[in-house]
There are 2 protein chains.
Amino acid sequence: MKDQSEIKDLTLCSQCLFYKQSSLFLSEKDIHHLEKNIYQLKFKHGETIFKQGDKSRHIALLNHGIVKFNFEENKERNLILSIVSAPKILGGANMFYRQRNLFSITAIGDCDICMIDMNEFGEILKQNGKYALMLFERAMEMFETSILNYISLANKNVNGRIADILLYLSEHVYKNQSFHLLLTRKEIAEFAGCSKENIIHTFSHLNDDNVIRTDGKNLTILDKSKLQMISRLG
Amino acid sequence: MKDQSEIKDLTLCSQCLFYKQSSLFLSEKDIHHLEKNIYQLKFKHGETIFKQGDKSRHIALLNHGIVKFNFEENKERNLILSIVSAPKILGGANMFYRQRNLFSITAIGDCDICMIDMNEFGEILKQNGKYALMLFERAMEMFETSILNYISLANKNVNGRIADILLYLSEHVYKNQSFHLLLTRKEIAEFAGCSKENIIHTFSHLNDDNVIRTDGKNLTILDKSKLQMISRLG
DNA sequence: TCCCAAAAGTGAAATATTTCATCTTTATAT
DNA sequence: ATATAAAGATGAAATATTTCACTTTTGGGA
């Protein structure tokens with residue numbers, strides 16, 4: 001049964017982190033210009049925010065919620081490149097190349113997102129190199145995450161990779177030892193680069209060894225240091 | 001015995017691709033400023049251009065040669081993130097984050113490189129958003145390569161990955177069906193994310209099946225379409 | 001509420017990959 | 001030229017991972 005939560009007023013621009021940071025760099029005129037080209041949207045679990053292959057005309061600001069970056073190779077083969085939580089800048093640097101989305105971005109649970117028209121935004125960037133560099137650095141953080149992700153994938157065995165993912169989700173996405181994981185086992189497998197049975201088996205063993213406790217979609221890390229050891233050995 | 005090749009005059013700035021593109025965006029004064037802060041270097045096979053963990057003060061322009069991006073996890077575990085050929089912008093966007101090199105960049109064969117002082121360069125970028133965006137897009141190309149690389153690694157078996165690497169080297173690095181591969185089998189394994197024996201076995205089989213022909217470090221792709229099929233099936 | 005489909009879970013067989021032992025070839029230094 | 005170490009090569013055993021067949025649980029819609 002779906003929780004019929006009331007639709008609250010969307011966040012005001014003046015309370016938005018992105019807006020606050022932007023106002024440090026931009027003139028009042030530019031800020032005003034930006035405001036006129038922003039609109040707010042809500043996405044539900046599983047809804048596509050950006051679609052792989054589409055021509056992207058917007059940059060999205062993830063104000064609240066969690067999203068996955070997923071690459072659809074074909075109907076059978078899917079792949080999760082990254083999972084990130086608000087606040088983040090989506091689209092733009094970390095996503096498109098020549099205006100074609102390299103991958104999709106999909107909501108995991110409810111998401112509040114502000115959309116900015118790229119053409120307008122691009123003009124502002126061209127006029128303001130310092131501001132562009134700040135955003136650039138933000139995009140690079142995402143790049144670093146990808147590289148570390150890649151490294152985990154490239155030279156660890158499945159146990160090590162699963163440990164890495166659990167630590168990553170706990171520390172960087174849910175920011176809690178205990179979290180309600182809306183991803184299916186299949187999706188976790190698409191993130192870890194292994195079969196879904198492998199995720200299930202590994203979760204079982206970690207449960208038996210009291211390293212984690214799973215209860216349906218709820219997951220609690222009981223022994224973080226043991227998980228870190230598995231990551232190192234993997 | 002090492003070939004004692006004579007040191008030729010380094011390329012003039014006015015003939016450099018980067019310089020030509022830059023001059024489309026920058027004022028004469030900025031170009032002049034840039035020129036004063038550039039110096040040219042030559043690297044030999046195996047020499048480190050940027051060292052992982054170092055504080056980077058320069059952006060490097062790879063004018064001639066091939067380099068690898070390598071991540072050193074520990075003495076035993078190394079990993080090649082990417083291999084690229086000139087002309088490319090190294091350092092900066094695709095490499096550092098908060099001035100710390102995320103990975104090393106090492107010469108594969110002889111390389112000609114121009115170094116630009118970052119502090120001076122950063123000032124120019126801040127003054128010129130349009131120029132910054134152009135470089136930004138260039139960096140994103142590198143990002144796309146990483147993602148495609150990641151996808152290959154994440155959901156293909158070793159045969160498919162090795163096929164991908166051979167196609168990539170042929171099409172994007174050496175730009176030839178036949179090339180003299182200075183990488184050891186161990187290094188290819190570090191790029192493919194598998195054991196060196198696996199590379200050797202797979203090369204043997206591909207040789208037997210007349211898909212490639214290896215002769216020491218020389219490698220020729222005999223049947224590109226078969227290699228593409230292996231990539232798809234992998 | 002019940003029904004159905006999707007997801008979760010389990011264990012065994014099949015397959016892929018790594019590790020190991022050993023040998024040959026190649027490159028480098030003396 | 002010779003010695004030595006590093007790289008390349010090979011096949012078999014050990015290990016990791018996937019696939020498969022099947023059962024149980026969960027969640028949403030009629």
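The structure presented is a predicted model; accordingly, all values stated were derived computationally and were not measured. Letters A, B, ... are given to chains in the order of the sequence lines, protein chains preceding strands, and every chain is numbered from 1.
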Interatomic distance, Ile230(B) CD1 vs dA16(C) P [rounded to whole Å]: 14 Å
Nearest listed nucleotide, side chain of Ile200(A), among dT10(D), dT17(C), dT10(C): dT10(C)
Protein-nucleotide distance (Leu182(A), atom CG; dA6(C), atom C1'), rounded to Å: 16 Å
dA16(D) phosphate, OP1 or OP2, under 4.0 Å from Asn157(A) side-chain N/O: no
OP1 or OP2 of dT26(D) under 4.0 Å from side-chain N/O of Lys217(A): no
Phosphate contact (dT18(D) OP1 or OP2) by Asn198(A) side-chain N/O below 4.0 Å: yes
Minimum-distance nucleotide (side-chain atoms of Val158(B) versus dT17(C), dG8(D), dA8(C)): dT17(C)
Between P of dG27(D) and CG of Leu181(A), the distance in whole Å: 14 Å
Nucleotide dT18(D), atom P - distance to CD of Glu190(A) in whole Å: 13 Å
Length of the line joining Lys196(B):NZ and dA21(C):C1', which is rounded to integer Å: 11 Å
Length of the CG-P vector between Asp208(B) and dA9(D), whole Å: 12 Å
Pair His64(A) and Phe43(A), ring centroids less than 6.0 Å apart: no
Minimum-distance pair of heavy atoms, taken over all atoms of Met115(A) and Ala60(A): SD-CB, 3.9 Å
Rounded interatomic separation in angstrom, taking CG from Asn78(A) and P from dA7(C): 13 Å
Close aromatic pair by centroid cut-off 6.0 Å: Phe71(B) and Phe103(B): no
Donor/acceptor link under 3.5 angstrom from His201(B) side chain onto base of dG11(D): yes
Value in whole Å for how far the C1' atom of dG8(D) lies from CG of Asp215(B): 13 Å
Distance test, side-chain N/O of Ser204(B) to OP1/OP2 of dT10(D), below 4.0 Å: yes
Touch class at under 4.0 angstrom, heavy-atom based, for Ser195(A) against every strand present: base
Between Asp223(B) and Ser225(B): side-chain donor-acceptor atoms closer than 3.5 Å: yes
Test item: side-chain donor near acceptor, Asp164(B) and Ser152(B), under 3.5 Å: yes
